[in-house]
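What follows is a set of notes on a single structure, which appears directly below.
Since the model is a prediction, treat every value here as computed from it, not as a measurement. A note on names: the letters A, B, ... follow the listed sequences, proteins ahead of strands, and every chain is numbered from 1.
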Amino acid sequence: MAECGASGSGSSGDSLDKSITLPPDEIFRNLENAKRFAIDIGGSLTKLAYYSTVQHKVAKVRSFDHSGKDTEQDHEPPYEISVQEEVTARLHFVKFENTYIEACLDFIKDHLVNTETKVIQATGGGAYKFKDLIEEKLQLKVDKEDVMTCLIKGCNFVLKNIPHEAFVYQKDSDPEFRFQTNHPNIFPYLLVNIGSGVSIVKVETEDRFEWIGGSSIGGGTFWGLGALLTKTKKFDELLQLASRGQHTNVDMLVQDIYGGAHETLGLSGNLIASSFGKSATADQEFSKEDMAKSLLHMISNDIGQLACLYARLHCLDRVYFGGFFIRGHPVTMRTITYSINFFSKGEVQALFLRHEGYLGAIGAFLKGAEQDNPNQYSWGENYAGSSGLMSSSPELCPTQRARSGTFDLLEMDRLERPLVNLPLLLDPSSYVPDTVDLTDDALARKYWLTCFEEALDGVVKRAVASQPGSVDAAERAEKFRQKYWNKLQTLRHQPFAYGTLTVRSLLDTREHCLNEFNFPDPYSKVKQKDNGVALKCFQRVVSALDALDWEERQLALVKGLLAGNVFDWGAKAVSDVLESDPQFGFEEAKKKLQDNSGVDVILGVFPFVRELLSRGTEVILACNSGPALNDVTYSESLIVAERIAAMDPVIHSALREERLLLVQTGSSSPCLDLSRLDKGLAVLVRERGADLVVIEGMGRAVHTNYHAALCCESLKLAVIKNSWLAERLGGQLFSVIFKYEVPAE
Amino acid sequence: MLKLGGGGQDWACSVAGTGLGGEETSFEVARLGQRGKAGSGGPGWGCAGIPDSAPGAGMLQAGAGGPALEGQGVEEVGTPEGGGEERPARHPPAPALRLLNRKPQGGSGEIKTPENDLQRGRLSRGPRAAPPAAGMGDHGGQPERSAPHAPGTPAGVGAAAVNGLLHNGFHPSRLCSRGPPGGGDAAPQRLPLQPELQPQPPPPQHDSPAKKCRLRRRMDSGRKNRPPFPWFGMDIGGTLVKLVYFEPKDITAEEEQEEVENLKSIRKYLTSNTAYGKTGIRDVHLELKNLTMCGRKGNLHFIRFPSCAMHKFIQMGSEKNFSSLHTTLCATGGGAFKFEEDFRTIADLQLHKLDELDCLIQGLLYVDSIGFNGKPECYYFENPTNPELCQKKPYCLDNPYPMLLVNMGSGVSILAVYSKDNYKRVTGTSLGGGTFLGLCCLLTGCETFEEALEMAAKGDSTNVDKLVKDIYGGDYERFGLQGSAVASSFGNMMSKEKRDSISKEDLARATLVTITNNIGSIARMCALNENIDRVVFVGNFLRINMVSMKLLAYAMDFWSKGQLKALFLEHEGYFGAVGALLELFKMPADQ
């Protein structure tokens, strides 16, 4: 993150620091195209939201006009690639201390180009206080939005759009953060917002929610009463005092009343019988730390108790906590969790949100953007542009804090198409895409982080090579290297920064970083060449297969699928070979597998599909929407299918009769999350009554979905192209996974 | 379920000679009782002279009070019959009593069998003093407390506990203070504080001089089976000790003459003063006059002193040679456990420990049933939401169930009471009277509850608290919140300027309002969850605390839209102590 002029004064925050210099590359990005502003000003933090567009270079593939030509004779590439600019929508959220609000508003004014924007949606307690300042600085009319409505809109939004948004916090366990799989139906839930007071809201649908109760004992009580008792001014300092204190010096415990008898009575002597009970009877001085701790316990317990009572009354077991009392503070998350466990006897879980601090700003933004129907779209967290959990927590991440000051960022990309669950998932609420949780498994985490670090040079090299005509490719690639390297270092220290750490999230983060520096598809040329070669082999392979008898053919087809899978630039073991020996090809792959077959989609998948089709089976072939490594994309698959159809009558008629359908998955990842699939695919799966799912490739069938339970037959196949993983799974490098499953009746 | 009362087991000695029992049978019965599956009342029920009307053991499960519950004069409570009836659920069925008989060859020293009736009596009382629930802890439903959690479980821990007691170093010689040394076999091992003789026929087997002396003492209170004077009930809480003392007013000249000197001096001292030492206070206005308890007429006095003076109190007991009176000191509250050792070692007094929630409920029901010197004990506030029309009105609590009972002491316990014997502890909170006083002391430098309340009465909490209108400029209509509602207790104190200008009175008031409203809020939620619409608030947090009472009355009414009623009782903090006293009358004679 950026050098930020404010980093030194970040923690004191008392005086207005106007000398702050904001690096536009880092903090308020894409302001030029920004429109629709929203701001949420809390007691100490300001959250600014804006909608912007990002121009990206994308590699587009286009079929040559081959009419009349014999493709067999053609030595040209099978299709042309053109790099085009594409505009995608992005939501930016920036969180900073109120101290910087004036400097930030100035900065925005200076960089704002778009003049269509007339209004800024504002929420939060400070919206009133800063109304005039905002209107004067930005020349925008402040439109005030209801705090709670914004909060809930924001909460619904993150719960729907950000995987691993909610987590359970357990201080003394490893990992401290347990992220929750997003429930397909997020409603109903209870939101307990602990601001200066406490609001308890029952949320039943997107637009229906009800304030069912509250309490005046909240964050303001901790702060106000704490300041009176300890003469400490700042909320954070009070929390730090509390984390050092001993409440038992101030509270009257059960053992203080019962003496030693509590043990024989089966009572826990450490239970607090009366908060601050000792300060009523003892004639002594109490330390600031102890009083702060006692106060923290008192308030957390009280809130937890009330939350449990309300949850019980309304039969709810999902309770999310938010508000500045909670906001990223391990101390309060810990005491609230303890209290909820105690009072609900484990029946209610205290859940926290990774982007809790942004809920109000997100909600206010959504209110203002209603005409754009943001809720019609699916959104995805951009790992490259987001700071991650606790980025500005001094306790957890001193280095990060020094780098980025107190600015925290969240960026969300609007996805082209809405994402939904695969209808064939056996239990969508318990589906976990990833096979290994690296947050949980320290050994695996270490291995993979190192693995991605070591592969970085190669990725940078490949990225530069993919844009031979570009003058700044090397520079951008270097920036990419820095960014991704920093992400990896952050994840070493905070594996929980972006939810559960997985191989998938590491791969996705890399894709996001590559995109960020305009390397949309470093493998497009490689894929183009490979596809050209493979297309030429297609007919030969198919005739060879047709010559085999049925049983041999089946075996050969499967081997073909697997052999094609070896050509994976993502796997270091393979890319090493490919880089060093460009001639390494199909025959070598065959030898590794000790048998014959073809390259990836053309020589592996299409012959397999062809066999299914000729048996009368309808096939839906789903490919990635966007590029990821050298995986075939949907648009490439269309061209390839067209070219194959031209040579093969089976494919040709199947396409024409819609027995073979080519669709996109909605994913741009080497892995696959079956809970976030393109809606069109899901609809098709349901309409056609799909009864067999074939998942191919290490990313999609091993790193993810290895344990996925479907309600129809499934086939997961991959070649293990990673020796560590092979060892983990009890096999050898280039071993084969061929997993056929029938759902239990 | 299981609270084996100390009740009848000592009657066993009356049929000791039957030769029943032995290890197996006694074990069997004890287990029976433990499961709470008392068989039928059946044969032998009346063997100790219990009227046939005594509720059967089936009540253990039914939990219904039946005829025993209401209108049963306390006079009868003291009799063994009453003892059996009063809390059937807590007592083993009568057959058990017989089976538990000691062997004829008592004193053989076999510790597996409950040899010594005295020890056994003590043992069996153990479970009654099951764990009281303190403040914040939620220990689950009271009725479900099972014996294993209680001290001195009859079945399992029995032998060990007997052993424990044997070695616990009671001073047998003390028995001799009023008579010649015990010549009997078991005398040295007898517990010193059970001076009463078993009066039932057949007569005690060992007519030791000590026992004779105890018999006489028993007679002091005028009738057989009545405990000897003085009659005390004690509730030792985290902050305050509550003591009730029954002053007999029907003392005959003969009794007066016989009354031992230190007993007389206790009576005179307590009844002729209203303050004791520096901190002891008699709440004269609460005195219940002309009461009949256990067949004696007299006045019930209500005395309190801070728990920190407990050691002084014990010291005094020692100096006044209180132990020579051979009374049983029934005590409840956490302090009964905490100070038990001190009572024994310093003052030579053995406490009879009792469960504080049991005592609370029994005491409350009793005091309400006898009324407050002709006036009703229970009251409510009419028009609680209108400060001008709000006024105290009597309430008839004749049919009290179900009720939510909120006991506000240092901490707060909330009970759902479905009948005399069927209740559960719903929850509790650590934000109670102790928190109010503790925070007030820290914030204002005050030292006493009275001082804190006095300041609070003069203060204005809205200077300290952040109101809804402070945030939204008026009502928060989206959620139907009035502008005057408190959004954040102490919320204004986040600002340094406001902290610097705030008065102590305002801080005291805000503390009081914060704690009170929070209790009200939790109580209201519990009432909703338990589906109970009457909420009875008791405990010393309400003493001289009209502000809190009216706030609670307001909160119950307002937030429930009139569905919930807040009820209060005149003797707010003393029910535990009264309940402890009632237990004294239920105690078997030879204790």
Side-chain angles (χ1 to χ4, degrees), chain A residues 43 125 128 146 148-149 195-197 199 211 213-221 223-225 227-229 233 235 250-252 254 256-262 264-268 271-281 286 291 297-298 301-302 305-306 309-310 312-313 342-343 345, chain B residues 130-131 134-139 148-151 237-239 306-308 333-335 337-340 410-411 427 429-435 437-439 441-443 464-466 471 478-481 486-494 496 499 507 514 517-518 521-522 525-526 528-529:
Chain A
Y128 297 84
D146 174 66
M148 204 50 70
T149 309
S196 30
S199 287
W211 186 88
S215 167
S216 67
I217 300 185
T221 315
W223 194 344
L225 198 45
L228 285 168
L229 291 171
K233 286 179 209 157
F235 181 76
V250 182
D251 291 341
M252 186 185 286
V254 166
D256 294 321
I257 299 179
Y258 280 83
H262 63 89
T264 44
L265 295 174
L267 295 173
S268 167
L271 289 181
I272 304 169
S274 176
S275 293
F276 285 90
K278 276 181 188 158
S279 59
T281 48
F286 298 92
M291 288 189 289
H297 274 287
M298 176 180 109
N301 284 333
D302 192 54
Q305 179 172 26
L306 278 169
L309 286 166
Y310 279 101
R312 204 179 125 201
L313 190 64
F342 179 85
F343 283 106
K345 300 184 180 77
Chain B
M136 156 178 166
D138 193 351
H139 309 294
H149 296 123
T239 312
S307 303
C308 54
F337 296 84
K338 184 179 177 182
F339 296 107
E340 185 186 21
S410 313
T427 188
T429 167
S430 70
L431 285 83
T435 315
L437 185 53
L439 282 175
C441 291
L442 292 171
L443 293 171
V464 180
D465 295 340
K466 196 168 259 209
I471 300 176
R478 179 70 181 78
F479 287 160
L481 287 175
V486 182
S488 172
S489 297
F490 286 85
N492 279 342
M493 296 297 95
M494 290 187 275
K496 184 168 189 319
R499 281 202 297 277
L507 289 173
T514 302
N517 277 337
N518 189 59
S521 182
I522 293 172
M525 287 309 295
C526 290
L528 283 174
N529 272 327

Non-hydrogen atoms of chain B under 4.5 Å away: do they reach the side chain of [X], the backbone, both or neither?
X        : value
A:Met291 : side chain
A:Tyr310 : both
A:Met298 : both

Option in [options] with maximal non-hydrogen atom pairs under 4.5 Å from chain A:
options                                : answer
B:Ser410, B:Cys441, B:Gly480, B:Cys308 : B:Ser410
B:Leu481, B:Asn517, B:Asn492           : B:Leu481
B:Val464, B:Leu507, B:Leu437           : B:Leu437

[X] versus [Y]: any side-chain heavy-atom pair under 4.5 Å?
X        : Y        : result
A:Leu225 : B:Thr514 : no
B:Ser521 : A:Leu306 : yes
A:Leu229 : B:Leu439 : yes
A:Asn301 : B:Thr429 : no
A:Ile257 : B:Lys338 : no

Taking all heavy atoms of A:Ala227 and all of B:Arg499, pick out the closest pair and write down the distance.
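Shortest heavy-atom separation between A:Ala227 and B:Arg499 comes out as CB-NH1, 3.2 Å.
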
Where is the tightest heavy-atom contact between A:Gly220 and B:Ser488, given as atom of each residue plus distance?
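Heavy atoms of A:Gly220 and B:Ser488 come nearest at CA-OG, 3.4 Å.
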
Point-to-point distance, once rounded to the nearest 0.5 Å, from [atom1] of [X] to [atom2] of [Y]:
X        : Y        : atom1 : atom2 : value
A:Phe276 : B:Leu443 : CZ    : CG    : 8.5 Å
A:Ser196 : B:Asp465 : OG    : CG    : 11.5 Å
B:Leu528 : A:Leu313 : CG    : CG    : 5.5 Å

Could you tell me whether a side-chain N or O of A:Ser275 sits under 3.5 Å from a main-chain N or O of B:Thr435, the two making a donor and an acceptor?
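No.
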
